[in-house]
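Report on the following structure.
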Amino acid sequence: MILPIIALFIFGTMFGSFLSVINYRIRKNEKGIFFGRSKCPYCHKNLKAYQLIPIISYFVGGGKCMFCKKKISITYPLLELAGGLTLVSLFIYEPFIKLTFSGIQYFALPSLLYFLYLSFIGFCFIGIFFYDIQYLEIPEIYTFPAIALVFLWGIFGTTLSLYDSAIGGALAGIFFGIQVLISKEKWLGAGDLQLGILIGLFFGWKLFLLALFIIYFIGLIITLILMATKKVKRTSKIPFAPFLIMGSFITLFFGKSILNFYINTFL
Ligand SMILES: [Zn+2]
């Protein structure tokens, strides 16, 4: 197990680093989102190959650009770390291969496909998570492809029924849509609505209801902590997508166990 975990962690940090580049370019409205080299956001010098090593190069450089010495945001290494942790947790959740030092002991293609599907959604989630924290916006470049993929997975995949998924998406659309309308996009925006629908489709209606509960529970706790430590005021705008996404990861990894526990204990 340890070999694929190390490899996937490294891959994940590289994808996380790539998400930073995507987020930066969405913000600057730059063309060529998917191609082109990484640059320092301040002096625009192209980074050298050894400066592109995820996480490590940030700390080796003391969190500064080696050309212009400007401080580089901590979100870069954090997003890289999140990328690594996402792939590793998804692999533990869906181990598609078992390696020993003598060779491959087990490999399942459907399991690999499911892992890849979850990874794509997972990376859209963490891309949005950081973008919303930094800029209070949710880019459609993540939500729309993810919704399309979940829809395809509902048709061709084996883990999700299209019917459950559609009901989940519709419930989410109504639940978040009403809030967007009532608040005139003040406390929830169109981006939150799209992300909410994605989550509804992704989980199907049963797990979506559980996800909602977890999302608001986390939201409440974290908002209270932020207020108590005076990090935010009652009136400041708090990004909602990070709660949606944290709740979704918890639901993905623990949702079925929580539901089973609930059913066995109380029903
Ligand atoms: Zn620089």
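Computed over heavy atoms, backbone and side chain alike; hydrogens, waters and symmetry mates excluded.
Here the closest heavy-atom approach between residue A82 and residue F130 is recorded as CB-CE1, 4.0 Å. The minimum heavy-atom distance linking Q194 with T143 is given by the pair OE1-OG1, 3.3 Å. The two residues L87 and F115 make their nearest non-hydrogen contact at O-CE1, 3.7 Å. Across every non-hydrogen atom of E185 and A190, the tightest pair is OE1-N, 3.5 Å. Nearest heavy-atom pair across L195 and A241 is CD2-CB, 3.7 Å. Here the closest heavy-atom approach between residue P242 and residue I133 is recorded as CG-CG1, 3.5 Å.
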Exercise for the section: Walk me through it: do Y117 and L113 pass the test side chain to side chain contact (heavy atoms under 4.5 Å, CB included)? Expected result: CA-CA 6 Å; Y117 161 72; L113 289 177; over 6 Å; no
Practice task
Kindly indicate, with the supporting measurements, whether the criterion side chain to side chain donor-acceptor pair (under 3.5 Å) is fulfilled by Y76 and N23.
Solution key: CA-CA 10 Å; Y76 286 86; N23 277 1; over 6 Å; no
Practice task
Evaluate side chain to side chain contact (heavy atoms under 4.5 Å, CB included) for I22 paired with F123, printing each intermediate quantity in order.
Solution key: CA-CA 12 Å; I22 295 181; F123 275 96; over 6 Å; no
Problem - Audit row: L207, D164, side chain to side chain contact (heavy atoms under 4.5 Å, CB included) steps and yes/no - result: CA-CA 10 Å; L207 280 177; D164 280 355; over 6 Å; no
Handout entry: side chain to side chain contact (heavy atoms under 4.5 Å, CB included) between F9 and L81, worked out
Key = CA-CA 8 Å; F9 183 79; L81 180 67; 4.0 Å; yes
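No path of Ile, Leu, Val, Met, Phe, Trp and Tyr side chains, each step under 4.5 Å between heavy atoms, connects L160 with F156, placing them in separate hydrophobic clusters. Note on L3 and I104: same hydrophobic cluster, where clusters join Ile, Leu, Val, Met, Phe, Trp and Tyr whose side-chain heavy atoms are under 4.5 Å apart, directly or indirectly. Tracing side-chain contacts under 4.5 Å through hydrophobic residues (I, L, V, M, F, W, Y), one never reaches L152 starting from V150; they form parts of separate clusters. With hydrophobic clusters built from ILVMFWY side chains whose heavy atoms lie under 4.5 angstrom apart, F120 shares a cluster with Y131. Cluster membership for L136 and F129, using ILVMFWY side-chain heavy atoms within less than 4.5 angstrom, is not shared.
When the shell of 6.0 Å around NZ of K28 is examined, it contains 12 or fewer heavy atoms from other residues, nucleotides or ligands. At most 12 non-hydrogen atoms from other residues, nucleotides or ligands lie less than 6.0 angstrom from CZ of F254. Counting non-hydrogen atoms of other residues, nucleotides and ligands closer than 6.0 Å to CZ of F107 gives a total above 12. Sparse packing is recorded around CZ of F217, with 12 or fewer heavy atoms of other residues, nucleotides or ligands lying under 6.0 Å away. Counting non-hydrogen atoms of other residues, nucleotides and ligands closer than 6.0 Å to CZ of F175 gives a total above 12. Around the CG atom of L109, the shell of radius 6.0 Å holds more than 12 heavy atoms that belong to other residues, nucleotides or ligands.
Inspection of the T159 and W153 side chains reveals an N or O donor paired with an N or O acceptor under 3.5 Å.
L188 places none of its side-chain heavy atoms less than 4.5 Å from the side chain of L193. Within the 4.5 Å cutoff, the side chain of I141 has heavy atoms near those of the I26 side chain. When side chains are defined from C-beta on, I222 counts as touching M246, because their heavy atoms get closer than 4.5 Å. Using a 4.5 Å cut-off on side-chain heavy atoms (C-beta onward), F176 and I197 make no contact. L212 has its side chain out of reach of I199: every pair of non-hydrogen atoms, C-beta onward, lies at least 4.5 Å apart. Within the 4.5 Å cutoff, the side chain of W187 has heavy atoms near those of the I182 side chain. A heavy-atom distance below 4.5 Å is found between the side chains of L252 and F202. Under the 4.5 Å side-chain criterion, counting only non-hydrogen atoms from C-beta, C43 is in contact with C65.
We find the OG1-CD distance between T75 and E80 to be 9.5 Å, quoted to the nearest 0.5 Å. The CG atom of L85 sits 10.5 Å away from atom CG of L90, with the distance rounded to the nearest 0.5 Å. To the nearest 0.5 Å, the span separating NZ on K69 from NZ on K64 amounts to 8.0 Å. Once rounded to the nearest 0.5 Å, the distance linking CD1 of I258 with CD1 of I263 reads 12.0 Å. Summarising the geometry, atom CD1 belonging to I121 is positioned 12.5 Å from atom OG1 belonging to T86; distances are rounded to the nearest 0.5 Å. Note: I92 CD1 to I5 CD1 = 4.5 Å, rounded to the nearest 0.5 Å.
Within the structure, salt bridge (charged side-chain N to carboxylate O under 4.0 Å, His left out) pairs that include any residue of residues 127-149 comprise R27-E137 (at least two apart or interchain).
In this structure Y216 satisfies the side-chain hydrogen bond (donor to acceptor under 3.5 Å, both in side chains) test together with Q179, sequence neighbours excluded.
Judged purely by atom type and a 3.5 angstrom limit, Q105 has no side-chain atom pairing as donor or acceptor with the backbone of K98. A side-chain donor-acceptor contact under 3.5 Å links T13 to the backbone of I10. Checking side-chain atoms of N264 against main-chain N and O of N260 turns up a donor-acceptor pair under 3.5 Å. Under the 3.5 Å distance criterion, the side-chain polar atoms of S248 are matched with a main-chain donor or acceptor of L244.
Remark: aromatic rings of F96 and F91 are close, center separation under 6.0 Å. Taking the ring centroids of F253 and Y93, they lie under the 6.0 Å cut-off.
Relative ring orientation between F240 and F243 is described as perpendicular, the plane-to-plane angle rising above 60° on a 0-90° scale split at 30° and 60°. Ring geometry for F18 versus F15: interplanar angle over 60°, hence perpendicular rather than tilted (30 to 60°).
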